[in-house]
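Take a look at the structure below.
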Amino acid sequence: MSRYVIDKALLKENIETVKKKAGVDIIGVVKGNGYGFGIRELTAVLKESGIKTFAVTETDDIQELKAVLDNEDILVMRSTGIAEEAEIIAGNGCIATIGSLNAAKVMNEASARLGVKTKCHLKIDTGMGRYGFMPSQIEEAIKCYDMENLEFIGAYTHFSSAFRNRELTKAQLQLFKDAVEQIKKAGKEVGIIHAANSPALLNVEDVCLDSVRIGSAFTGRVITDSKIKLNRIGSLEADVIEIKTVPAGYSIGYNGLYKTKRETRIAIVPIGHYDGFGLTKEKEIADFHSVLSQLKRYLKKQQMYVKINERMYSVIGEIGLSHTAVDVTGSDVKVGDLAKVDISPLMVNPRIKRIYK
């Protein structure tokens with residue numbers, strides 16, 4: 001059976017490295033099933049490390065977080081005009097994201113129905129093009145502060161290219177600061193402000209503000225040229241379940257696209273597409289920049305490898321849904337030996353068990 005294994009000690013090292021670099025409060029972003037590390041498991045470790053605010057994008061994740069949190073804050077990074085979602089956010093005492101006048105009205109009405117006052121962070125769109133008031137809409141944003149069932153305790157923006165474009169990131173930061181100043185001049189209390197994500201923290205100086213939102217940096221799988229050392233954590237693992245020897249010219253895998261050039265000793269590893277190994281472009285999670293290198297490697301048809309007993313062996317034939325054939329000719333690999341695949345946790349099926357060691 002396959003499993004995704006995370007070294008807890010190395011994860012804690014990453015957390016401490018990030019905390020030291022940031023120098024301000026950290027919002028632990030655990031969207032995408034905790035960036036593939038398991039939302040409950042990662043949240044529990046972050047909580048142990050002193051992080052007190054957590055962020056997700058899906059309302060379904062709220063109960064997952066509440067199962068492992070006590071009184072920590074949950075920020076829902078989703079500006080929504082859907083009444084049902086607004087009620088879930090308000091009803092669970094979460095911090096709402098308000099990125100439009102309509103979202104503010106819907107959240108205000110939902111809060112009134114529930115008899116609560118919902119804490120909110122205002123979202124400013126400085127160039128990402130998704131949620132948020134554009135800088136030209138600050139007068140609309142200011143109106144949100146007068147809604148009686150909303151309590152604004154913060155404001156934030158999101159950088160679009162912090163992993164590769166420092167100048168654009170700095171320009172976005174200035175737009176955000178200017179928008180915040182306009183709100184303050186209108187006599188409104190903005191609260192804490194935050195902008196930096198993992199790539200910004202590692203790649204761009206002076207972006208931390210009052211807090212930072214960190215997710216991928218915890219995993220050590222973030223695009224950066226920073227000299228700050230993070231541990232690259234996580235491996236998909238399974239035991240070798242079968243060994244066989246086939247003659248030269250023997251077809252391996254679906255469609256018979258691979259034929260052995262010599263007598264070949266093969267190890268069968270129960271890892272495949274279902275687990276997240278060797279995904280096609282259509283199955284890829286293209287929204288996350290941290291898996292792009294994996295996608296490029298696949299599209300270029302570069303050789304893929306599996307590590308068995310700490311030595312790399314070539315994958316042969318098409319990877320199947322649940323199995324992969326590995327050329328172990330000339331080795332002493334045997335049934336029961338440990339096989340590992342280094343892939344982004346974001347690509348690993350959420351149903352695969354996450355094991356913290």
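- Salt bridge Asp239/Arg3: present, at least one basic N to carboxylate O contact under 4.0 Å.
- How far CD1 of Ile233 is from CD of Glu13: 8.0 Å, rounded to the nearest 0.5 Å.
- Looking at every heavy atom in both residues, Thr169 comes nearest to Phe159 through O-CE2, 3.5 Å.
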Intermediate values then yes/no, side-chain contact (heavy atoms from CB on, under 4.5 Å), Lys170 and Glu167: CA-CA 5 Å; Lys170 291 178 181 178; Glu167 293 309 312; 4.1 Å; yes
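- Looking only at side-chain heavy atoms (C-beta outward), Ser79 and Lys123 stay at 4.5 Å or farther from each other.
- Remark: the Ser235 side chain and the Lys340 side chain contain no N/O donor-acceptor pair separated by less than 3.5 Å.
- Here the closest heavy-atom approach between residue Ile15 and residue Leu46 is recorded as CD1-CD2, 3.5 Å.
- With no hydrogens or angles considered, a side-chain donor-acceptor pair links Asn309 and Asp337 at under 3.5 Å.
- Under the 4.5 Å side-chain criterion, counting only non-hydrogen atoms from C-beta, Tyr250 is not in contact with Thr264.
- By the criterion of side-chain heavy atoms lying less than 4.5 angstrom apart, applied directly or through intervening Ile, Leu, Val, Met, Phe, Trp or Tyr residues, Leu338 is not grouped with Val341; the two fall into different hydrophobic clusters.
- Leu101 and Ile82 end up in different hydrophobic clusters when Ile, Leu, Val, Met, Phe, Trp and Tyr side chains are linked at under 4.5 Å.
- Between Asn33 and Glu64, the side chains place no donor N or O within less than 3.5 Å of an acceptor N or O (distance only, hydrogens not considered).
- There is a side-chain donor-acceptor pair under 3.5 Å between Asp275 and Ser2.
- Between the side chains of Asp178 and Gln174, a donor-acceptor pair is found at a separation under 3.5 Å.
- In the hydrophobic cluster analysis, where Ile, Leu, Val, Met, Phe, Trp and Tyr join through side-chain heavy atoms closer than 4.5 angstrom, Phe218 is grouped together with Tyr356.
- Atom-to-atom distance recorded for Asp73:CG and Thr53:OG1 is 4.5 Å, nearest 0.5 angstrom.
- Side-chain contact check for Ile252 versus Lys259: every heavy-atom pair is 4.5 Å or farther apart.
- Under 4.0 Å is where a charged nitrogen must lie from a carboxylate oxygen, and between Lys143 and Glu140 no such pair does.
- Two residues are said to be in side-chain contact when any heavy atoms from C-beta on lie closer than 4.5 Å; Glu58 and Lys31 fail this criterion.
- Partners of Arg354 according to the side chain to side chain donor-acceptor pair (under 3.5 Å) rule, which considers only residues two or more places apart in sequence or in another chain, do not exist here.
- Looking only at side-chain heavy atoms (C-beta outward), Asn197 and Val212 stay at 4.5 Å or farther from each other.
- Heavy atoms only, all atoms of each residue included: Ile124 and Ala179 are closest at CG2-CB, 4.1 Å.
- Closest approach of Leu168 to Ser161, counting heavy atoms only: CD2-OG, 3.8 Å.
- Under the 4.0 Å criterion applied to side-chain N and carboxylate O atoms, Lys117 and Glu148 are not assigned as salt-bridge partners.
- Within the 4.5 Å cutoff, the side chain of Glu72 has no heavy atoms near those of the Ile74 side chain.
- When all heavy atoms are compared, the tightest approach of Cys208 to Leu201 is SG-CD1, 3.7 Å.
- The CG atom of Leu65 sits 11.0 Å away from atom NZ of Lys47, with the distance rounded to the nearest 0.5 Å.
- When every heavy atom of Leu114 is checked against every heavy atom of Gly91, the shortest pair comes out as CD1-N, 3.6 Å.
- Under a hydrophobic clustering in which Ile, Leu, Val, Met, Phe, Trp and Tyr are joined whenever their side-chain heavy atoms come within less than 4.5 Å, directly or via other members, Met128 and Leu173 fall into different clusters.
- Atom CG of residue Asp327 and atom NZ of residue Lys261 lie 10.0 Å apart, to the nearest 0.5 angstrom.
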Arg265 vs Thr329, side-chain contact (heavy atoms from CB on, under 4.5 Å): CA-CA, chis, key distance, verdict: CA-CA 5 Å; Arg265 189 166 183 260; Thr329 304; 4.1 Å; yes
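- When the shell of 6.0 Å around NZ of Lys188 is examined, it contains more than 12 heavy atoms from other residues, nucleotides or ligands.
- By the 4.5 Å heavy-atom criterion applied to side chains, Met304 and Ile319 are counted as neighbours.
- More than 12 heavy atoms of other residues, nucleotides or ligands sit less than 6.0 Å from atom NZ of Lys12.
- Using modelled atom types, no side-chain atom of Thr43 and backbone atom of Arg40 make a donor-acceptor pair closer than 3.5 Å.
- Among residues two or more places apart in sequence or in another chain, the ring pair (Phe, Tyr, Trp, His ring centres under 6.0 Å) test is passed with Tyr313 by none.
- Asn102 and Ser100 are not linked by any side-chain donor-acceptor pair at a separation below 3.5 angstrom, with hydrogens and angles left out of the test.
- From Ile51, atom CD1 reaches atom CG of Leu42 across 8.5 Å, with rounding to the nearest 0.5 Å.
- The existence of a salt bridge linking Lys52 and Asp25 is excluded, since no basic side-chain nitrogen approaches an acidic carboxylate oxygen closer than 4.0 Å.
- Looking at Asp7 and Arg232, no side-chain N of the basic residue comes within less than 4.0 Å of a carboxylate O on the acidic one, giving no salt bridge.
- With 3.5 Å as the limit, one finds a donor-acceptor pair spanning the side chains of Ser160 and Gln172.
- Between Asp225 and Arg166, at least one side-chain N (NZ, or NE/NH1/NH2) sits under 4.0 Å from a carboxylate O, which counts as a salt bridge.
- The environment of Asp206 atom CG is sparse: at most 12 non-hydrogen atoms of other residues, nucleotides or ligands sit within 6.0 angstrom.
- Listed by chain and residue number, His194 satisfy the ring pair (Phe, Tyr, Trp, His ring centres under 6.0 Å) test with His121 (two or more places apart in sequence, or in another chain).
- With 3.5 Å as the limit, one finds a donor-acceptor pair spanning the side chains of Thr97 and Tyr156.
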CA sep, side-chain torsions, deciding dist, call: Glu109, Asn149, side-chain hydrogen bond (donor to acceptor under 3.5 Å, both in side chains): CA-CA 8 Å; Glu109 292 168 359; Asn149 298 298; over 6 Å; no
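- In this structure, Tyr4 and Pro345 have side chains that are in contact, with non-hydrogen atoms separated by less than 4.5 Å.
- Linking Ile, Leu, Val, Met, Phe, Trp and Tyr whenever their side-chain heavy atoms come within less than 4.5 Å leaves Val326 and Ile268 in two separate clusters.
- Between the side chain of Asn14 and the backbone N or O of Asn231, at least one donor-acceptor pair lies under 3.5 Å.
- At a threshold of 4.0 Å, the pair Lys8-Glu48 counts as salt-bridged, since one of the basic side-chain nitrogens sits closer than that to a carboxylate oxygen.
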